[in-house]
Number of protein chains: 2
Amino acid sequence: MTESGQNTRKRPTGRRTGDSGTRDAILDAARDLFADLGFDGASIRAIAAAAGVDPALIRHFFGDKETLFASTVADRTAIPQRLVDALTGDPAQLGRRVTDTYLKLWEDPETQPVLQALVRSATTSDRAAAMLREVLGARLLSQEILPGFDEDRIRRLAICASHLLGIAVARYIIKLPAISALPRDALMDEVAPTIQRYLTGQHQ
Amino acid sequence: MTESGQNTRKRPTGRRTGDSGTRDAILDAARDLFADLGFDGASIRAIAAAAGVDPALIRHFFGDKETLFASTVADRTAIPQRLVDALTGDPAQLGRRVTDTYLKLWEDPETQPVLQALVRSATTSDRAAAMLREVLGARLLSQEILPGFDEDRIRRLAICASHLLGIAVARYIIKLPAISALPRDALMDEVAPTIQRYLTGQHQ
DNA sequence: CGAGGATTTCCTCATTCGTGGAATTAAAGT
DNA sequence: ACTTTAATTCCACGAATGAGGAAATCCTCG
């Protein structure tokens with residue numbers, strides 16, 4: 001135990017030597033905490049503690065909490081793109097492709113925390129709700145993104161998005177046993193035909 | 001001017017004469033604030049202010065915040081029952097009946113705030129998530145409540161619940177324009193056939 | 001009418017939070 | 001070598017929060 005005195009040891013101030021990937025450590029911790037606790041629930045102090053860093057550093061790098069949140073969810077912009085990609089290709093497999101892509105996004109440890117942070121925060125924070133609205137509305141459900149989709153198809157695509165959103169909320173946020181206990185394949189088999197019907201328009 | 005002095009007039013302490021429906025006023029204010037801001041977002045002080053009452057009264061009547069929340073969402077137990085009722089009757093109209101009942105629950109000014117409070121809080125507060133799980137799981141998706149439903153039908157009913165939950169989240173929480181702009185009839189026409197298919201089992 | 005309980009207010013306490021300032025050390029630029 | 005910039009810490013402030021104590025007022029029951 002050498003000596004070390006009190007357990008409240010003062011850490012040295014000033015810049016660290018070498019390249020400390022502190023900024024990324026903050027982003028990682030923030031991503032995880034926002035995913036688990038939502039925007040309001042995850043405090044700057046808790047994020048800093050998880051990153052092993054002083055809270056003031058967060059302010060130094062990101063300015064304020066909203067910017068930090070935006071930084072953690074931004075850049076994973078590949079998420080809407082992957083879904084858009086799944087919309088193109090063999091129409092016979094459309095439902096399976098979209099559902100599979102979506103469910104895998106919610107299982108991928110890279111993208112899952114971001115989605116969870118967005119959804120969990122969107123119900124409480126207006127800012128996060130606006131972000132999710134923007135992602136869903138402007139980057140997915142618009143005619144610029146989906147050329148050739150008429151209004152009717154976009155409307156049914158929006159209903160698909162709601163369906164899949166509900167599945168994710170039940171499975172990963174509320175953790176409803178009847179849904180979260182299902183293996184992905186079983187969920188796929190149930191949901192994919194519905195998505196297929198919504199998207200290909202034989203819906204009556 | 002007699003005296004009366006400052007505009008910060010102290011309100012008289014002690015019991016009011018007559019029957020002041022204060023407890024109900026608190027419950028009403030709590031219902032609305034929980035619906036708008038969620039469990040964490042709605043502070044005891046804000047609820048008290050909305051009810052025109054001292055914060056300590058809430059503690060006096062309900063003890064702590066969780067009990068207050070539980071009291072506001074309890075008693076509206078009619079909600080799961082109405083859905084269960086919709087499940088019985090002419091099987092040909094099943095999808096329409098369930099969807100109609102559900103969408104009306106989300107428009108009824110009596111039940112809407114409760115649903116909104118539950119959903120909005122469930123993503124942040126573990127306690128609220130447990131409540132929603134209990135309502136959905138034990139009071140709706142169990143074989144005691146739905147005699148004669150085998151496991152496969154209950155599983156597909158859970159997927160229905162997720163679909164409808166997603167619709168409500170998109171429409172009333174995130175306020176996704178593509179969904180919230182739709183009139184109820186249009187939404188019905190799109191969604192009811194899907195619910196019908198899930199529930200009657202011709203799902204492949 | 002008097003005693004006990006219910007209703008209501010005010011004040012206080014300990015925490016927690018987001019934000020900001022000031023100081024210290026290392027790196028980068030000239 | 002000297003100056004500027006970047007990274008890092010500690011400390012503090014003001015606001016808000018949930019919880020609780022103490023007193024005042026009214027009602028009810030004997």
Side-chain angles (χ1 to χ4, degrees), chain A residues 5-27 29-30 33-34 36-72 121 124-128, chain B residues 5-27 29-30 33-34 36-72 121 124-128:
Chain A
Q6 275 48 27
N7 48 8
T8 56
R9 184 119 201 86
K10 269 196 185 172
R11 316 234 311 263
T13 169
R15 187 172 189 165
R16 296 301 121 90
T17 161
D19 184 18
S20 67
T22 311
R23 214 190 114 103
D24 288 332
I26 293 175
L27 281 176
L33 284 192
F34 281 139
D36 280 351
L37 306 172
F39 179 81
D40 301 293
S43 73
I44 291 188
R45 287 165 150 96
I47 293 170
V53 143
D54 190 274
L57 244 202
I58 294 186
R59 174 177 141 79
H60 174 250
F61 279 129
F62 301 96
D64 64 5
K65 199 181 177 183
E66 279 197 2
T67 307
L68 172 62
F69 184 81
S71 303
T72 68
S121 306
T124 300
S125 149
D126 286 343
R127 175 96 175 136
Chain B
Q6 277 46 26
N7 49 7
T8 55
R9 183 116 202 87
K10 268 194 187 172
R11 316 236 309 265
T13 168
R15 189 173 189 169
R16 295 300 121 89
T17 162
D19 183 20
S20 68
T22 312
R23 214 190 114 105
D24 287 331
I26 293 175
L27 281 176
L33 285 192
F34 281 138
D36 281 351
L37 306 171
F39 179 80
D40 301 294
S43 73
I44 292 188
R45 287 166 151 94
I47 294 170
V53 140
D54 190 274
L57 246 201
I58 295 186
R59 177 179 137 78
H60 174 251
F61 278 129
F62 301 97
D64 64 4
K65 200 181 178 183
E66 279 197 1
T67 306
L68 171 63
F69 184 80
S71 303
T72 67
S121 306
T124 299
S125 147
D126 286 341
R127 175 97 174 136

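Model, not experiment: these values are computed from the prediction. Residue numbers begin at 1 in each chain, while the letters A, B, ... track the order of the sequences.
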* Asked: What is the distance from CG of Asp40(A) to C1' of dT16(C), rounded to the nearest Å?
  -> 14 Å
* Not counting sequence neighbours, list each pair that qualifies as a salt bridge (Lys or Arg N to Asp or Glu O under 4.0 Å) and has a residue in residues 61-72 of chain B. => Glu66(B)-Arg127(B)
* Asked: Rounded to the Å, how far apart are Arg23(A) CZ and dT8(D) P?
  -> 12 Å
* Thr22(B) side chain N/O closer than 4.0 Å to the phosphate oxygens (OP1, OP2) of dT7(C)? -> no
* Asked: What is the distance, rounded to the nearest whole Å, between atom CD1 of Ile44(B) and atom C1' of dG20(D)?
  -> 11 Å
* Quick one: closest heavy-atom pair of Leu37(B) and Ala42(B), and the distance? => CB-N, 3.8 Å
* Worked check of side chain to side chain contact (heavy atoms under 4.5 Å, CB included) between Ile44(A) and Ile58(A) -> CA-CA 8 Å; Ile44(A) 291 188; Ile58(A) 294 186; 3.9 Å; yes
* To do: Mind telling me whether Phe34(B) and Phe39(B) have parallel, tilted or perpendicular rings, with 30° and 60° as the class edges?
  => parallel
* Asked: How many Å lie between CD1 on Ile58(A) and P on dG20(C), as a whole number?
  -> 14 Å
* Asked: For Ser43(B) and dT17(D), is the shortest distance between a side-chain N/O and OP1 or OP2 below 4.0 Å?
  -> yes
* Compare all side-chain heavy atoms of Thr22(B) with those of Val53(B) and state whether any distance is below 4.5 angstrom. => yes
* Asked: Between Asp54(A) and Ala48(A), what is the shortest heavy-atom contact and its length?
  -> C-CB, 3.9 Å
* Protein-nucleotide distance (Glu66(B), atom CD; dT17(D), atom P), rounded to Å -> 18 Å
* Asked: How far apart are the closest heavy atoms of Ala29(A) and Ala50(A), and which atoms are they?
  -> CB-CB, 3.9 Å
Anything under 3.5 Å between a protein N or O and an N or O of nucleotides 11-13 of chain D, put it in a table, one pair a line.
from: dC11(D); atom 1: OP1; to: Lys10(A); atom 2: NZ; distance (Å): 3.2

* Asked: How would you label the contact of Leu57(B) with the nucleic acid (heavy atoms, under 4.0 Å): base, sugar-phosphate, or nothing?
  -> base
* Asked: To the nearest angstrom, how far is His60(B) atom NE2 from dG5(C) atom P?
  -> 13 Å
* To do: Nearest whole angstrom, please: distance from the C1' of dT5(D) to the CZ of Phe61(A).
  => 13 Å
* To do: Round to the nearest Å and state the distance from Arg59(A) atom CZ to dA22(C) atom P.
  => 11 Å
